[in-house]
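To start, the structure itself, in structure tokens.
Heavy atoms only: backbone and side chains are in, while hydrogens, waters and symmetry mates are out. The model shown is predicted, which means the values in this text are computed figures rather than measured ones.
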Amino acid sequence: MKIGIFDSGLGGLVVARTLRKAMPQYDYIHLGDTKRLPYGNKSQTQIYKNTVRAISYLLEQDCALVIVACNTASSQALRKIQQSWLPQSSQAKYKNRRILGVVRPTVESIGKFKNIGLIGTLRTVDSTAYVQELKKMNEDIKLTAKATPKLVPMIEQGNLRKQKEYKQILENYLIPFKNTKVLILGCTHYGIIKNDIQKILGKKIKIIAQEELLPKKLQSYLAKHTEIQKQLSKNRTFELLVTKSSKRYEKLSSEWFGKVTPKLIKI
């Protein structure tokens, strides 16, 4: 059985690349719902339906474990999917499968810091998922969160240096975080621009990029949940699925995964 990775767009590719590098022995299948991106401006109902649709498809493709690499989906839909959708009798055939998100493992990586920043989509910030999880760890934590809705479309478009407004928009978004100790990149897309963010904020501010922490978190999870680990096949295969063709997606896929060509599917 495979490890499934789901995101609305390019962010999941960033995660898939680091997971494969750290754990190349497993079989992976990545689904990018490029037809419906960005998720960050959609309603909670739309996000939930889109996420269930994608997860259902991946489970049908023989995934024992699905990683929701989309912060918007993780913050707006994951809990309901884990607690209600997956255990329902209609989903009995999936009772031994697992669906994981990115919010909890990110929060667990904060350490002892108390003055924390977060950038993410409108729906990720509105959900308050991060502040809820952080408060469980430490009531004294102060979170400064800012929605940065223009970044995902710009990253998806590519050629950021040629987008005249990119630098100014990014600098304006980062103004509230000059005095924080840590900044969470609450969208897996943002790993692509981590260096630009670090350059603006300076080296004294720690940047939490999810693609850097998820491999160790997944390794730890599988070590604790051997019932899942034992189900995973080890043929080193990798498959890319998309719901809409994208030149930018195809370009990065070629650069990062070689001859793996994204397959267009309808869900």
Problem set entry | Crowding at NZ, Lys178 (>12 non-hydrogen neighbours, <6.0 Å) | yes
Exercise. With side chains defined as the heavy atoms from C-beta onward, is the minimum distance between Leu185 and Ile193 less than 4.5 Å?
Worked result: no
For this session: May I ask you to establish whether Lys206 and Phe113 are in a cation-pi arrangement, using a distance under 6.0 Å from NZ or CZ to the six-membered ring centre and at most 45° from the ring axis?
Result: no
Exercise. Do Lys135 side-chain atoms and Ile141 backbone N/O form a donor-acceptor pair below 3.5 Å?
Worked result: yes
Exercise. Should we say atom CG of Asn235 is surrounded by more than 12 heavy atoms from elsewhere, each under 6.0 Å from it?
Worked result: yes
For this session: Provide the closest heavy-atom pair for Ile99 versus Ile55 in the form atom of the first, atom of the second, distance.
Result: CD1-CG2, 3.6 Å
Problem set entry | Heavy-atom closest contact (Ala16 atom, His30 atom, distance) | CB-CD2, 4.2 Å
Exercise. Within the side chain of Arg248, is there an N or O that forms a donor-acceptor pair under 3.5 Å with the backbone of Asn159?
Worked result: no
For this session: Apply side chain to side chain contact (heavy atoms under 4.5 Å, CB included) to the pair Leu13 and Ser253, showing each step before the final yes or no.
Result: CA-CA 8 Å; Leu13 285 183; Ser253 299; 3.9 Å; yes
Exercise. In a check of side chain to side chain contact (heavy atoms under 4.5 Å, CB included) between Ile265 and each of Leu241, Asp33, Val242, which one passes?
Worked result: Leu241
Exercise. Taking side chain as C-beta onward, heavy atoms only, is Tyr26 less than 4.5 Å from Leu19?
Worked result: no
Problem set entry | Residues that Lys251 engages under salt bridge (Lys or Arg N to Asp or Glu O under 4.0 Å), provided they are two or more places apart | Glu255
Exercise. Hey, are Gln132 and Thr128 close enough side-chain-wise for a donor-acceptor pair under 3.5 Å?
Worked result: yes
Exercise. Same hydrophobic cluster for Val152 and Val103, using side-chain heavy-atom links shorter than 4.5 Å among ILVMFWY?
Worked result: yes
Exercise. Would one find more than 12 heavy atoms of other residues, nucleotides or ligands at under 6.0 Å from atom NZ of Lys194?
Worked result: yes
Exercise. Would you say Lys224's side chain and Ser220's backbone share a donor-acceptor pair under 3.5 angstrom?
Worked result: no
For this session: Kindly say whether Cys63 contributes a backbone atom to a donor-acceptor pair with the side chain of Arg97 at under 3.5 angstrom?
Result: yes
Problem set entry | Leu213 versus Ile208, closest heavy-atom pair with distance | CD2-CG2, 3.6 Å
For this session: Could you state whether Tyr57 and Leu240 fall into the same hydrophobic cluster, counting links through intermediate Ile, Leu, Val, Met, Phe, Trp or Tyr residues with side-chain heavy atoms under 4.5 angstrom apart?
Result: no
For this session: Please answer whether the main-chain N or O of Ile205 pairs with a side-chain N or O of Gln198 as donor and acceptor at a distance below 3.5 Å.
Result: yes
Exercise. Checking Gln25 side chain against Lys234 main chain: does a donor-acceptor pair fall under 3.5 Å?
Worked result: no
For this session: Verify whether one side chain among Asn172 and Gln168 offers a donor that lies under 3.5 Å from an acceptor in the other.
Result: yes
Problem set entry | Partners meeting salt bridge (Lys or Arg N to Asp or Glu O under 4.0 Å) with Lys136 (sequence neighbours left out) | Glu133
Exercise. In terms of side-chain heavy atoms, does Thr72 have a donor or acceptor partner in Thr121 at a distance below 3.5 Å?
Worked result: yes
For this session: List the atom of Val15, the atom of Ala69, and the distance in Å for their closest heavy-atom pair.
Result: CG2-CB, 4.1 Å
Seminar exercise, completed: In short, Phe6 meets Thr51 closest at the heavy-atom pair CE2-CG2, 4.0 Å
Exercise. Is a side-chain donor or acceptor of Ser84 paired with a backbone partner of Ile81 at a separation under 3.5 angstrom?
Worked result: no
Exercise. Checking side chain to side chain contact (heavy atoms under 4.5 Å, CB included) against Glu156, which of Ile192, Leu37, Leu151 comes through?
Worked result: Leu37
Exercise. Between Lys150 and Glu165, is there a side-chain N and carboxylate O pair less than 4.0 Å apart?
Worked result: no
For this session: Tell me, with the steps shown, if Lys42 and Gln76 meet side chain to side chain contact (heavy atoms under 4.5 Å, CB included).
Result: CA-CA 10 Å; Lys42 291 178 169 53; Gln76 291 281 351; over 6 Å; no
For this session: Verify whether one side chain among Glu211 and Tyr190 offers a donor that lies under 3.5 Å from an acceptor in the other.
Result: no
For this session: State whether Glu171 and Lys199 are salt-bridged, where the test is any N-O pair (Lys NZ or Arg NE/NH1/NH2 against Asp/Glu carboxylate O) under 4.0 Å.
Result: no
Exercise. Quick one: does Asp27's side chain have a donor or acceptor within less than 3.5 Å of a partner on Lys2's backbone?
Worked result: no
For this session: Give a yes or no answer on whether the side chain of Gln61 reaches the backbone of Ile29 with a donor-acceptor pair at less than 3.5 Å.
Result: no
Exercise. Does Lys217 NZ have over 12 foreign heavy atoms under 6.0 Å away?
Worked result: yes
Exercise. With hydrophobic residues grouped by side-chain heavy-atom distances under 4.5 Å, do Tyr48 and Leu122 end up in a single group?
Worked result: no
Exercise. How far apart are the C-alpha atoms of Arg123 and Asp126, what are their side-chain angles, what is the distance that settles it, and do they pass the salt bridge (Lys or Arg N to Asp or Glu O under 4.0 Å) test?
Worked result: CA-CA 5 Å; Arg123 292 296 169 256; Asp126 288 349; 3.0 Å; yes
Problem set entry | Non-hydrogen atoms of Ser75 and Ser127 that approach each other most closely | CB-OG, 3.2 Å
For this session: Go through the side-chain N and O atoms of Thr106 and Gln210 and say whether any donor and acceptor fall under 3.5 Å apart.
Result: yes
Problem set entry | Pairwise ring pair (Phe, Tyr, Trp, His ring centres under 6.0 Å) hits with a residue in residues 222-258, at least two apart | Tyr221-His225, Phe238-Phe257
Exercise. For Gly120, does its backbone N or O pair with a side-chain atom of Thr148 as donor and acceptor, under 3.5 Å?
Worked result: yes
Exercise. So if you build clusters from Ile, Leu, Val, Met, Phe, Trp, Tyr with side-chain heavy-atom gaps below 4.5 Å, do Val66 and Tyr28 land together?
Worked result: no
